[in-house]
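Read the structure below first, then the notes.
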Amino acid sequence: MKPQEIVNLALDYFYGKDDSMAEYRGYTHSQDYSKAFELFQEAAKKRKSVAYMYLGRMYRDGLGIEKNYDLAKKWFTRADKSGHEFAILDISTIDNMIGAENGDLEAMWKLANGYMEGFHISLDVNEALRWYRTAAENGHVKSQESLGYIYYKGKGVPLNIPEAIRWFELAAEEYSSMANYFLGCIYLRGKGVEKDIDLAEDYLDSSDEFGTTDLLNAIRLMRASEKGDKQAQRDLAFEYATSEALGYDWSEAARLLKLAIAPKEITSAHKIIA
């Protein structure tokens with residue numbers, strides 16, 4: 001067979017006839033990683049650079065062959081030297097895998113990011129959480145921030161505010177601006193906890209994240225609104241209606257407008273909110 005024919009057959013075995021793109025790509029064989037590995041090896045001997053990439057993947061993920069990060073890196077490096085523009089990213093992923101296995105906390109965080117986003121590695125939330133948690137439990141602040149954000153947003157996991165607070169508080173102890181910002185958001189909204197604008201303000205005062213100034217201004221408006229300041233109630237109503245950090249709370253916006261505006265003063269814009 002010609003070199004490209006070998007590659008085509010290797011791809012057929014790698015993906016198999018049950019692959020979602022099998023009909024489009026003309027795959028007719030049952031998936032067989034061992035057979036695909038043999039064919040990619042044969043194609044690599046004939047200098048088909050695409051085979052280098054697949055051999056790297058197969059050694060990295062243990063597909064048809066025992067997992068071996070050193071050999072995976074060897075093949076990805078050969079692919080990089082052959083001009084594959086994204087091979088350098090696969091090399092970086094392998095370096096993170098090796099580093100994570102050897103206890104490098106920063107490598108664990110980077111590897112977890114890759115698993116969480118499915119970036120040059122299969123998306124795997126459980127594997128991402130495993131590496132985030134391992135690094136976070138060993139004091140890695142960025143991993144603590146990441147876990148806090150994942151549970152705060154319910155990103156790939158059920159939303160869990162107590163768990164988000166736990167990780168954000170650990171990061172905040174190490175002066176994390178991001179953690180302080182989200183803790184401020186949580187207590188300002190009363191999201192999963194009792195609302196506490198004084199505590200929210202304390203956290204926000206320790207953050208310089210984008211949007212912090214707007215939230216501190218919202219706290220000022222809240223205090224003025226509680227004292228009956230009509231303009232503050234109007235301004236705060238629009239903050240609630242337009243701010244993601246405040247939860248786009250239209251019911252609270254409507255309540256404030258009803259307090260602040262006499263019926264004859266209501267405009268069409270007010271009616272949309274109220």
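These numbers come from the heavy atoms of this one structure, side chains and all, not from hydrogens, waters or symmetry mates. As the structure is a prediction and not an experimental result, all values here were calculated from the model.
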Report the C-alpha distance between M116 and V125 in whole Å, list the side-chain angles of each, state the deciding distance to 0.1 Å, and finish with yes or no for side chain to side chain contact (heavy atoms under 4.5 Å, CB included). CA-CA 5 Å; M116 199 69 193; V125 173; 4.2 Å; yes
Look at the rings of Y54 and F40 and say which category their plane angle falls in: under 30° parallel, 30 to 60° tilted, over 60° perpendicular. parallel
Measure across [X] and [Y] and return the closest heavy-atom pair with its distance rounded to 0.1 Å.
X    : Y    : value
N180 : Y175 : ND2-C, 4.3 Å
Y52  : S82  : CE1-OG, 3.3 Å
H140 : S143 : ND1-OG, 2.9 Å
A100 : L111 : CB-CD2, 3.9 Å
M58  : A36  : CE-CB, 4.3 Å
K46  : P3   : CD-CG, 3.9 Å

So does [X] pair up with [Y], basic N to acidic O under 4.0 Å?
X    : Y    : value
K45  : E42  : no
E145 : K142 : no
R223 : E226 : no

Measure the [atom1]-[atom2] distance between [X] and [Y] for me, rounded to the nearest 0.5 Å.
X    : Y    : atom1 : atom2 : answer
K230 : L257 : NZ    : CG    : 11.5 Å
L11  : Q4   : CG    : CD    : 8.0 Å
Y13  : T28  : OH    : OG1   : 8.0 Å
K73  : N68  : NZ    : CG    : 12.5 Å
D229 : Q233 : CG    : CD    : 7.0 Å
Y27  : N8   : OH    : CG    : 8.0 Å

Donor-acceptor under 3.5 Å ([X] side chain, [Y] main chain):
X    : Y    : value
Q144 : W167 : no
K110 : M97  : no
Q31  : F14  : yes
T93  : L89  : yes
S177 : S207 : no

Transitive ILVMFWY side-chain link [X] to [Y], under 4.5 Å:
X    : Y    : result
F182 : V193 : yes
L123 : L129 : yes
L246 : L204 : yes
F238 : L236 : no
Y181 : Y248 : no

Pair Y69-D95, side-chain donor/acceptor within less than 3.5 Å: no
In a table with atom names and distances, give each donor-acceptor pair under 3.5 Å that connects a side chain of residues 148-158 to protein atoms at least two apart or in another chain.
| residue | atom | partner | partner atom | Å |
| --- | --- | --- | --- | --- |
| Y151 | OH | R133 | NH2 | 2.9 |
| K153 | NZ | E244 | OE2 | 3.3 |
| K155 | NZ | E117 | OE2 | 2.9 |

Test R130 against E127 for salt bridge (Lys or Arg N to Asp or Glu O under 4.0 Å), laying out the working first. CA-CA 5 Å; R130 180 171 80 88; E127 194 68 0; 2.7 Å; yes
Could you give me the CA-CA distance, side-chain angles and deciding distance for F76 and M53, then say whether side chain to side chain contact (heavy atoms under 4.5 Å, CB included) is met? CA-CA 6 Å; F76 283 134; M53 290 291 291; 4.0 Å; yes
Are the side chains of [X] and [Y] in touch, meaning some heavy atoms are under 4.5 Å apart?
X    : Y    : result
L188 : M222 : yes
K35  : L39  : yes
I98  : D70  : yes

Step by step, would you call K191 with C185 a side chain to side chain contact (heavy atoms under 4.5 Å, CB included)? CA-CA 8 Å; K191 183 176 181 179; C185 290; over 6 Å; no
CA sep, side-chain torsions, deciding dist, call: K17, S30, side chain to side chain contact (heavy atoms under 4.5 Å, CB included): CA-CA 6 Å; K17 63 184 179 181; S30 296; 3.6 Å; yes
Of D18, D12, D19, which meets side chain to side chain contact (heavy atoms under 4.5 Å, CB included) against Y15? D19
Is the F37 to Y59 ring centre distance short of 6.0 Å?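 Yes: the rings meet the under 6.0 Å criterion.
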